[in-house]
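Here's the structure, in structure tokens; my notes come after.
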Amino acid sequence: MIRTHLRYHRPDTPDDAAALLAEHHGRVAVLAGGSQLLPRMHRGEVDLDHVVDLRGLGLRAIERTGGRVRLGAMVTYDDALASALLAEAVPLLPRVARGVTGGRQLTGHATLVGALCHAFPGTDMPGALSALGATVELHGPDGPRECPVDEFLLGAQSIDRRPGEFVAAVTVDGVARSGYCKVKHATGSWPIATASAIEDGDALTVTLGAVQARPLRIVIPDPTRSAVDDAVAAAVTAPWTDVLAPGDYRARIAPVVARRALTELREGAHA
Amino acid sequence: MTTTPTPPHSLRTAAEPDTVPDPPPGAPDLHETDGHQPLRRDGDLLLTGRARFVDDIAPRGLMHAAILRSPHPHALIRGVDATRARERADVEVVLTGADAVDLATPLPHFFEPSIVGCRTTEFRCLATDRVRWVGEPVAAVVATSLAAAEAALDDIVVDYEPLPAVLDADEALREDAPVLFEEWGDNRLGLFPFAEGDAAAKIAAAPHVIRDELRVGRQHVAPMETRGYVAEWEPGGRLTLWASTQNPHPLRTNLATTLGVPEDRVRVVATRMGGGFGHKFNGYGEEPLVCLLSRLADAPVKWIETRKDCLLVGAREFTHRFEVGFDDDGVVLGLSDRIVGNIGCLAPWGGWSMTFPAGMTFPGPYRIADYAIESVPVVTNKAPWNGFRGYGKEQAAMALERIMDLVAEHRGIDPAEVRRRNFIPPEAFPFWTAAKHLDSGEYAAALDKALALAGYDALRERQAAALAQGRHLGVGIGFELTPEGGDFAGSFVRGFDTSTVRVHPSGAVSVLTGVTSPGTGNETSIAHLVAREFGIAVEAVGVTQGDTDSCPYGFGNFTSRSLATGGAAAVLAARELRERMADAASALLDADAADFEFRDGAVVSRTAPETSLTFAELAETIYRRGLAAPGLDQPLLEVTRIDLPHNFHHVPDDQGRFSAYPSFPYSAHVALVEVDAETGVVEVLEYSAIDDCGVVISPGFVAGQLYGAIAQGIGGALWEEVPYDEDGAPAAETFKHYLTPRAPDLPSFRLEHQHTPSPFTLLGTKGAGESGVGGAMAALLNAVNDGLRPLGVHAHRVPLTPPVVLDAIVSGGAP
Amino acid sequence: MTAVEPDAAPERDLALTVNGRRKRVRIEDRQLLVDVLRDNLGMTGTHIGCANGDCGACTVRMDGQITKSCLVLAASAEGADVTTIEGYSPRGTLDHVQQAFWDLDAFQCGFCLPGHLFAVRDLLDRDPDPGEDDIREALRGNLCRCTGYVNLVAAAGEAARREREDQSP
């Protein structure tokens with residue numbers, strides 16, 4: 001049971017939300033899907049007095065904005081799987097959502113943006129959104145602010161969110177051609193290493209997730225095996241260690257995961 | 001050289017019957033299964049959410065307990081200041097270890113180590129002056145809500161003086177290691193040697209010798225329902241404890257001792273259990289603690305184990321260092337294995353004793369005349385063990401089966417053939433080893449059936465074809481001998497049990513039994529057996545378990561013995577009742593008692609079928625006219641029986657051999673895996689098994705037990721581990737760290753049965769329940785190593801997680 | 001001794017529909033949906049196995065979506081329509097999934113049943129003829145420690161078969 005004397009807030013406007021977050025700064029969390037936050041509060045790992053629920057703000061749309069695609073903070077994995085727009089414009093996101101642990105009891109509530117904000121290295125979304133060049137749209141007491149995802153993710157469970165701010169949406173590049181690979185121990189395991197391969201014109205990149213504290217975007221000048229291996233090996237300098245796998249394991253499989261994502265990109269197998 | 005140990009106990013010196021009595025005339029042939037199996041009892045309650053588990057018990061005025069646990073693996077407690085916690089308005093009781101000393105005696109052990117010649121010590125329900133593992137209970141709070149109780153824990157200040165800790169068993173055995181219990185001088189709890197012949201000489205003289213090591217990491221039971229207790233005292237001083245426990249009667253005895261309450265004033269109700277598997281053997285400090293807290297709060301108190309606390313309890317952390325000598329044909333000439341079990345800290349919970357079967361089970365299904373096994377339980381500053389299905393027997397299966405594969409690889413012989421050359425042949429039974437009197441077995445037949453079921457030859461062809469494409473398939477055999485029904489005189493781990501059968505005037509039948517069900521279905525099977533004796537519908541038979549107020553004293557649920565003991569006792573009681581009822585029918589209907597049969601709800605003369613009474617009429621007549629009508633001399637329609645212990649040999653024979661286990665089911669397993677040589681990820685593709693647990697009463701339930709055991713074995717072989725961090729704390733706190741199998745991780749298992757009856761049990765049954773864990777672990781261990789063969793490496797570290805497998809590949813296979 | 005009076009935990013009235021009945025309960029803001037169902041409403045068929053969203057024993061259907069009720073703050077569920085295992089099928093009846101689970105011995109201790117029943121129901125509502133892989137995937141959010149999933153998977157397939165048979169003219 002949650003031990004603290006928690007107060008639940010459900011603002012109706014972004015400004016109200018920002019005002020509540022600012023007022024209780026340091027003792028407040030943003031509640032979206034809740035799948036990461038609530039268990040941690042239940043175990044006493046997070047000690048807060050207020051939660052601000054974004055449910056009242058809408059924020060569940062997936063829409064085109066110019067050449068990009070915008071996903072509201074409350075977009076769930078199931079929403080991503082059901083979206084015709086994503087299937088066509090950013091198939092990487094439904095591809096990633098399909099492999100999320102937790103079952104449909106979770107994927108109907110857990111949000112992509114929530115996973116990004118949690119910024120736990122052993123998850124899919126930070127790497128995938130980094131691969132897509134996501135821009136994070138925050139809303140705070142001073143109004144909206146945009147932040148490139150690579151600057152937003154400061155480190156393991158650390159994000160650039162200023163007092164009073166919450167993430168309202170992310171926008172991503174439309175990337176029709178992508179490949180994804182995730183290695184994990186078993187169905188219930190966190191991802192141990194992920195790779196999102198993106199082809200944008202002539203440029204080929206692989207973004208590794210779960211391998212280091214922050215996603216690693218690697219430009220692949222030459223998709224031959226040895227070139228990929230060398231590029232990845234050079235990029236992985238501080239591999240992440242957790243309960244399930246030591247850093248050296250992640251460093252070893254990082255080139256493999258990268259190559260497999262590139263293979264999927266090349267073969268177009270969004271299975 | 002090792003010697004055969006003193007047997008676990010030899011209190012009983014009377015001649016022990018070695019065969020079972022013939023059934024009385026007219027009894028159904030229990031060795032015949034009728035193929036009909038009733039649906040699981042109370043299935044509808046479970047399926048509609050109306051079954052009650054311990055956390056569903058909520059007496060009026062219920063309060064909640066939370067427990068403060070040690071953050072240190074080893075420390076002195078210099079003081080506990082609970083002042084601020086006590087000042088909280090929502091806190092009812094704060095209890096420290098020092099407070100509890102005067103309120104409760106030291107805790108009785110589930111299995112007193114000194115019974116088997118081990119060192120021992122005393123434990124309290126809360127630590128007093130020293131903690132020896134992260135998670136050890138130090139203080140407890142009762143509050144009006146769980147949240148308030150948990151919050152108040154932060155207001156208890158414990159002054160610890162950290163001490164050096166030791167987490168690794170090999171390190172704990174070093175002379176300069178920190179010692180957990182100073183009075184012992186070192187960290188050895190004991191030593192269990194099992195030996196015959198002269199293994200060292202045979203190995204030295206053997207043409208081929210392999211020495212190797214196998215390590216198994218710390219694993220955990222992970223029942224879906226954690227432990228929990230709800231205590232309530234009546235004004236007159238009577239205690240009721242609702243408990244998620246496998247042993248309600250021994251728990252009651254221990255509570256009476258610990259709390260100083262006459263045993264008859266304690267009622268333990270074992271609530272419906274959401275999985276036990278050994279985790280819910282009694283002996284935990286929380287059992288008396290919750291009772292004490294309730295007494296102090298003057299209110300009912302509930303404590304439910306958190307998942308994180310549940311994951312504290314360990315098992316299976318073993319190291320094997322083995323040596324095997326064999327001839328050109330792969331026949332084993334001599335075998336030794338020095339087994340070290342890192343049992344964590346000793347505790348009154350009995351899991352440490354898994355180190356006994358870990359050695360005792362050797363040499364498994366193999367005829368090896370010369371072997372020397374030593375199993376050494378070592379204490380460290382990890383949390384204690386409790387039981388885990390397999391109970392150490394899976395260790396012998398893993399080591400022996402790995403050895404068979406290594407011998408096969410060395411000699412270039414198919415691993416199945418090496419096993420055939422080493423099996424105990426069917427004609428050799430009953431078969432003695434140092435600590436087992438094996439009942440019966442057709443081992444080679446079971447293996448051959450498993451190979452056929454798996455399509456073994458085709459698997460080998462697929463493996464070769466896959467390798468040509470650079471894919472690493474592995475085929476693994478696991479053969480498991482599973483000693484079941486263990487009887488340890490001197491403890492409450494006994495090989496017999498008690499059932500009462502009562503026929504009511506309406507013809508309804510009650511069975512009250514001392515065995516309990518953790519969800520295995522034994523209550524359904526017991527009802528089925530008793531209904532069959534009386535020839536009545538199974539629905540007419542009620543089964544009551546787990547309530548010490550109504551059930552006869554029994555030992556509960558462990559070592560796969562519930563049906564063989566409680567079920568057999570119920571059958572014996574029903575037979576005695578049937579004789580009484582046949583006598584009454586004889587007087588009432590003027591026919592020969594031996595002529596009556598009980599079928600279709602009636603008592604019917606075989607020779608004159610029109611001479612009959614319904615079962616209910618007969619029962620009612622006996623109640624209404626007993627002692628008043630001629631021939632109705634025995635109106636008591638209630639009988640309590642124990643089943644007679646069979647095939648126990650507590651007194652060593654002239655060669656020092658003894659056998660604490662009466663029944664020896666076995667199973668043969670074949671697994672197909674694919675090893676991803678680039679990532680170390682193992683995928684389980686196919687699984688086949690043959691099970692032989694003798695006569696089967698409820699085939700569906702036995703199959704269900706096997707399926708579950710195999711899944712647990714696969715999980716243990718591939719994914720399940722609780723690592724410790726450098727601060728001495730367990731690092732697995734959720735199911736995202738402790739990876740039990742999910743449906744997509746497993747294939748459907750192909751399972752078929754062989755039935756070799758036990759000549760020693762009433763029903764011809766052998767234990768069913770644990771068998772399968774070790775076979776699956778062994779099959780997976782061998783399958784992964786088989787997949788790695790083309791790479792020239794071995795992986796001898798279980799679980800074979802992707803980092804372990806890849807490490808073996810990269811490092812060249814040093815374990 | 002001076003009793004320290006902690007600030008009272010914030011509370012509110014919560015309106016829910018549970019198993020077709022409208023309920024109004026006084027809750028603390030910090031309560032999870034599973035706590036409210038079990039402690040305030042006495043719906044103890046919803047089980048707490050892990051409180052971490054891993055095991056699925058606390059599964060309910062909420063506004064048509066199967067949901068782990070340990071991952072929902074009750075206060076956020078204002079106005080929700082919740083079905084628990086007690087209301088999974090009309091009282092006194094078993095649906096094809098429940099009956100197939102029973103007939104094929106798909107459970108042992110039964111603690112995990114809410115997750116498995118709701119997940120299979122959810123699957124069959126989307127796909128009347130799932131293959132074994134589909135069933136296993138649909139169960140990925142649940143844990144069972146007793147059955148090895150063999151009979152669970154078979155029972156899900158059997159329930160689908162019986163439902164198709166019912167539907168066919």
Side-chain angles (χ1 to χ4, degrees), chain A residues 1-11 24 28-56 74 76-79 81-82 98-111 114 184 186-190 271, chain C residues 6-12 14 27-35 38-39 48 50-80 114-116 118-123 125-126 136-143:
Chain A
M1 196 162 170
I2 294 173
R3 307 169 186 192
T4 55
H5 287 177
L6 197 67
R7 187 175 292 280
Y8 172 80
H9 305 272
R10 185 170 174 160
H24 302 294
V28 62
V30 177
L31 177 68
S35 60
Q36 301 280 359
L37 176 68
L38 295 174
R40 298 186 65 216
M41 297 185 82
H42 189 275
R43 284 196 297 276
E45 294 166 10
V46 176
D47 178 18
L48 298 170
D49 298 323
H50 301 270
V51 291
V52 174
D53 191 350
L54 301 186
R55 241 170 221 65
M74 296 303 287
T76 67
Y77 291 108
D78 279 358
D79 295 340
L81 285 168
R98 223 179 345 264
V100 167
T101 302
R104 277 176 51 87
Q105 299 110 303
L106 182 111
T107 53
H109 290 263
T111 63
K184 58 180 185 173
T187 303
S189 147
W190 283 322
Chain C
D7 302 336
E11 295 183 356
R12 69 184 53 231
L14 180 72
I27 64 160
E28 292 181 354
D29 283 17
R30 63 181 170 180
Q31 280 184 283
L32 300 171
L33 179 59
V34 66
D35 297 329
R38 290 179 52 83
D39 300 340
I48 302 173
C50 69
N52 197 48
D54 296 323
C55 78
C58 67
T59 299
V60 299
R61 193 188 297 117
M62 187 167 138
D63 296 330
Q65 165 73 48
I66 59 170
T67 301
K68 291 172 176 173
S69 61
C70 75
L71 298 182
V72 177
L73 200 60
S76 75
E78 172 69 32
H116 285 98
F118 276 112
V120 171
R121 182 71 269 154
D122 179 66
L123 172 67
D125 289 346
R126 289 178 287 124
R136 288 183 180 273
E137 273 305 307
L139 299 179
R140 66 186 292 144
N142 304 315
L143 286 170

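Sequence lines set the chain letters: A, B, ... in the order given, protein chains first and strands last, and positions in each chain run from 1. Any value given below was found using the heavy atoms of this structure, including those in side chains, with hydrogens, waters and symmetry copies removed. Since this is a predicted model, take the numbers as computed values, not measurements.
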Test item: [X] and [Y] side chains (from C-beta on) under 4.5 Å apart, heavy atoms:
X       : Y        : value
C/Gln65 : A/Asp78  : yes
C/Thr67 : A/His109 : yes
A/Ile2  : C/Gln31  : no

Subject >> Contacting region of C/Asn52 [heavy-atom separation from chain A under 4.5 Å] >> reply: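 Both parts, heavy atoms under 4.5 Å.
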**OP:** Could you tell me which portion of C/Arg126 (side chain, backbone, both or neither) has an atom closer than 4.5 angstrom to a non-hydrogen atom of chain A?
**Re:** side chain
Minimum heavy-atom separation for [X] and [Y], please, with both atom names.
X       : Y       : result
A/His5  : C/Pro10 : O-CD, 3.6 Å
C/Leu73 : A/Val51 : CD2-CG2, 3.7 Å
C/Ala51 : A/Pro39 : O-CB, 3.5 Å

Please confirm whether the backbone N or O of [Y] pairs with a side-chain atom of [X], one donor and one acceptor, at under 3.5 Å?
X        : Y        : value
A/Arg7   : C/Glu11  : no
A/Gln105 : C/Arg61  : no
C/Lys68  : A/Gly102 : yes
C/Asp29  : A/Tyr8   : yes

Original post:
In Å and rounded to the nearest 0.5 Å, what is the CG to OG distance from A/Leu31 to C/Ser76?
Top reply: 6.0 Å
Original post:
Rounded to the nearest 0.5 Å, how far apart are CZ of A/Arg98 and CD of C/Glu137?
Top reply: 10.5 Å
